[in-house]
Amino acid sequence: QVQLVESGGGLVQTGDSLKLSCAASGRTFSSYAMGWFRQVPGKEREFVATIRWSGGHTDYADSVKGRFTISRDSAKNTVYLQMNSLKPEDTAVYYCAATVPAIYYTGSSYPQHPREYAHWGQGTQVTVSA
C-alpha cells in the first residue's frame, strides 16, 4: 500500500520562500508521475505542478510558473515543491499525489486532473500573510 506524507508547510510572509516535501513509501513504490495540488475551503482542488518520475519532465499551473519548482529524489522516493515569491493567494492546503505505476498508467502525459492520481497525502497547510 502506498503512503504519501507531506511536510514543510507553515506560516510565512509575502515574498518569502517555503519548501514542501512528500515522502512516498510502500513495498515497491512506483508511479508514472507525482504532483502537487492545493485547495482552499469551498473551492475545488487545484493543480499546481507535476513531475514525471522517469526523466523528471515537469509541468506547472500558469499561476505558479517562474515561482515554484517541482523536483524529485528517486533514491529517497521523495518529491519536493520549492515555492518562492509567495503571495497571499498561495494560501491553501497543499496535497501531494502519485499516479499508478507507468506500466498501468493511461492518463495524459502531464497529469493535471485529480482523477489521474491514485494516491494522496494528508495535506499540509501553507499560509502567506500580507
Side-chain angles (χ1 to χ4, degrees):
Q1 186 169 343
V2 174
Q3 259 197 319
L4 303 178
V5 179
E6 301 105 332
S7 61
L11 171 63
V12 296
Q13 294 185 329
T14 297
D16 284 352
S17 298
L18 208 56
K19 186 172 185 177
L20 306 182
S21 299
C22 173
S25 62
R27 211 165 126 234
T28 50
F29 175 75
S30 173
S31 73
Y32 169 79
M34 291 188 71
W36 286 97
F37 288 75
R38 64 189 182 187
Q39 189 170 24
V40 297
K43 291 194 174 180
E44 291 187 354
R45 198 161 290 191
E46 174 191 28
F47 167 74
V48 175
T50 187
I51 184 166
R52 284 157 61 169
W53 205 252
S54 175
H57 305 289
T58 60
D59 195 20
Y60 298 89
D62 287 343
S63 59
V64 307
K65 270 181 189 171
R67 299 189 298 123
F68 290 11
T69 302
I70 188 171
S71 61
R72 81 213 187 305
D73 184 332
S74 301
K76 296 181 178 179
N77 281 347
T78 299
V79 171
Y80 305 97
L81 186 69
Q82 176 67 47
M83 304 185 293
N84 298 330
S85 303
L86 282 161
K87 306 173 182 179
E89 51 263 45
D90 295 318
T91 295
V93 176
Y94 282 71
Y95 295 91
C96 170
T99 68
V100 296
I103 191 172
Y104 304 117
Y105 183 74
T106 59
S108 58
S109 297
Y110 294 95
Q112 297 187 7
H113 197 283
R115 66 169 176 261
E116 297 183 285
Y117 291 84
H119 309 286
W120 292 86
Q122 81 287 351
T124 185
Q125 177 71 46
V126 172
T127 303
V128 185
S129 63

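Everything numeric here is computed off the predicted structure, so don't read it as measured data.
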Chemist: Any side-chain donor-acceptor pair under 3.5 Å between S21 and E6?
Modeler: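 There is no such pair (donor and acceptor under 3.5 Å, judged by atom type) between the side chains of S21 and E6.
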Chemist: Within a reach of under 6.0 Å around CD of E44, are more than 12 heavy atoms found that belong to other residues, nucleotides or ligands?
Modeler: no
Chemist: Side chains of Y117 and T50: donor-acceptor distance under 3.5 Å anywhere?
Modeler: yes
Chemist: State plainly whether the residues D59 and R52 are in salt-bridge range, i.e. N to O under 4.0 Å.
Modeler: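 Looking at D59 and R52, the cut-off is not met.
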Chemist: Cut-off 3.5 Å, side chains only: do T78 and D73 have a donor facing an acceptor?
Modeler: no
Chemist: Compare every heavy atom of T69 with every heavy atom of Y60, then report the nearest pair and how far apart it is.
Modeler: OH-CA, 3.4 Å
Chemist: Is the shortest distance from a Lys or Arg side-chain nitrogen in D62 or K65 to a carboxylate oxygen in the other one below 4.0 Å?
Modeler: yes
Chemist: State, with a plain yes or no, whether a side-chain heavy atom of Y94 is found less than 4.5 Å away from one of L18.
Modeler: no
Chemist: Is any side-chain heavy atom of D16 closer than 4.5 Å to one of T14?
Modeler: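 T14 does not reach D16 side chain to side chain.
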Chemist: Among F37, Y110, W36, find the residue that satisfies the side-chain contact (heavy atoms from CB on, under 4.5 Å) test when tested with F47.
Modeler: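 Exactly one option meets the side-chain contact (heavy atoms from CB on, under 4.5 Å) with F47, and it is F37.
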Chemist: Show the nearest heavy-atom pair for residues M34 and L4, with the distance to one decimal.
Modeler: CE-CD2, 3.9 Å
Chemist: Above 12 or not: heavy atoms from other molecules or residues under 6.0 Å from CD of Q125?
Modeler: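 Above 12, so yes.
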Chemist: Compare every heavy atom of T99 with every heavy atom of P111, then report the nearest pair and how far apart it is.
Modeler: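 In this case the closest contact between P111 and T99 is CG-CG2, 4.1 Å.
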Chemist: Where do V100 and A118 come nearest, in terms of heavy atoms and distance?
Modeler: CG1-CB, 3.7 Å
Chemist: Find the distance between OG (S71) and CD (Q82) and round it off to the nearest 0.5 Å.
Modeler: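 Taking OG in S71 and CD in Q82, the distance rounds to 8.0 Å.
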Chemist: Given Y80 and K19, is the side-chain contact (heavy atoms from CB on, under 4.5 Å) satisfied, shown in steps?
Modeler: CA-CA 7 Å; Y80 305 97; K19 186 172 185 177; 3.7 Å; yes
